[in-house]
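Since this is a predicted model, take the numbers as computed values, not measurements.
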Number of protein chains: 2
Amino acid sequence: MEESERLRKQKELIEYIGIQHQREGYQPVAARIVGLLMVMDKEEYTFEEIVEEMQISKSAVSMALKNLEIRGMIEYVTYPGDRKRYFRFVSNRADGIFNEIQDKLKQNLETIRQIIELKKDPASRNAVFLKNIYKGMEFFARKMDDLKREYNSQQ
Amino acid sequence: MEESERLRKQKELIEYIGIQHQREGYQPVAARIVGLLMVMDKEEYTFEEIVEEMQISKSAVSMALKNLEIRGMIEYVTYPGDRKRYFRFVSNRADGIFNEIQDKLKQNLETIRQIIELKKDPASRNAVFLKNIYKGMEFFARKMDDLKREYNSQQ
DNA sequence: TTTTTGGTTCACAACAAAAAGAACCAATTT
DNA sequence: AAATTGGTTCTTTTTGTTGTGAACCAAAAA
């Protein structure tokens, strides 16, 4: 593949990742910064470089970086004698994805448990359905722990 | 638990489920309708009843119901000699949740594959990290099929 | 001490999303 | 045929989100 085409495709991918992340609740600027840090060959961007690369105001970048850091999506490193922060995307996202799924599952489980608990008639259509869903999700959440262990030992 | 307290808690739970679903990209009204249909003891609501219960305009309800139906979150039944539609939440969400997770996982896998493919240096920090993430997610996606089969046979 | 660097914070404008309300429409009832 | 029911659609209003630019600030350099 030609160098210029590769770059074009990378830029395209950044936009796509941006949209994906917006669907997960990230704001537009933040979402595209994630894409930038994942896709480009340059692996550490300073604040200024991001501002320049994305053609966006300093304040927007400042906010976005703060949010992304709080959410644990990105991190920064510093170098002695250099006041700039070098942002990069965090390393251990694999674990992160497992845990995200599991957390969400657990949260949903708890909600469903509460719904069932508050039902007047435990044999009603919805109560029965919800119990089924609960069972399925619980099974899955339990198995995830095994999978995590299996994967880690396999490494 | 007292009847009135149960009702209060149910209403609270509807709001909470509303917020949870908004995080998944549902609009406010739609999100709370899902809550309503999951939580309340009454299991089938007509259009009118929803309008009344939620104190919301007909147009907002009309739009929300349409969206929820398209997304497969709710369905309606009708009864002979009755022009009204009776909305309820769909029954087989357990499968749905499995599949949602798996679909998202597959989509992410494809994106990551593309990022890696476009990297100039396959030994760079990010390329290596991404390959790791890829491996983890792939392992997990593969195992999910097994889990589904295991669960279904167990039933 | 003043200036520069590397940002952050705040007020506001532009835009987008959500909800309301009115008008409308097709079936059904009267 | 007229009125009612069970909604839908369109326009407007309200509300919320994004991003900008200017002012500001602390640390370092001059």
Measure the distance from [atom1] on [X] to [atom2] on [N] and round it to the nearest whole Å.
X	N	atom1	atom2	result
B:Glu69	D:dT8	CD	C1'	14 Å
B:Glu52	C:dA20	CD	P	15 Å
A:Asn67	C:dT9	CG	C1'	14 Å
A:Tyr86	C:dG7	OH	C1'	14 Å
A:Tyr45	C:dG6	OH	P	18 Å
A:Met63	C:dT8	CE	C1'	8 Å
B:Phe47	D:dG7	CZ	C1'	6 Å
B:Ile50	C:dA19	CD1	P	14 Å

Sort me out a list of protein N/O and nucleotides 11-13 of chain C N/O pairs below 3.5 Å, or just none if empty.
none

Query raised in the report: In a check of side chain to side chain donor-acceptor pair (under 3.5 Å) between B:Tyr79 and each of B:Glu44, B:Arg85, B:Lys84, which one passes?
Result: B:Glu44

Are the side chain of [X] and the backbone N or O of [Y] linked by a donor-acceptor pair below 3.5 Å?
X	Y	result
A:Lys131	A:Pro122	yes
A:Glu43	B:Arg125	yes
B:Gln10	A:Leu118	yes

Report task. Kindly say if B:Arg85 contacts the phosphate of D:dG7, meaning a side-chain N or O under 4.0 Å from OP1 or OP2. Result -> yes

Query raised in the report: Hey, do the aromatic rings of A:Phe140 and B:Tyr151 have their centres closer than 6.0 Å?
Result: no

Query raised in the report: If you measure from CZ on A:Phe98 to CZ on B:Phe139, what distance do you get to the nearest 0.5 Å?
Result: 6.5 Å

Requested in this report: Starting from the C-alpha separation in whole Å, work towards a yes-or-no answer on side chain to side chain contact (heavy atoms under 4.5 Å, CB included) for B:Lys58 and B:Val61.
Outcome: CA-CA 5 Å; B:Lys58 287 206 292 176; B:Val61 172; 5.8 Å; no

Query - Cation-pi geometry met for A:Arg71 and A:Tyr26 (6.0 Å, 45°) - result: yes

Report task. Starting at the 5' end of nucleotides 14-30 of chain D, put B wherever the base has a protein heavy atom under 4.0 Å, S where only the sugar-phosphate does, and a dash everywhere else. Result -> ----SSBB-----BS--

**Report entry** Cluster link A:Ile17 to B:Phe129, ILVMFWY, side chain under 4.5 Å
**Finding:** no

Report summary line: The residue, B:Lys66 or B:Glu48, whose nearest nucleotide of DNA chain D is more 5′ is B:Glu48

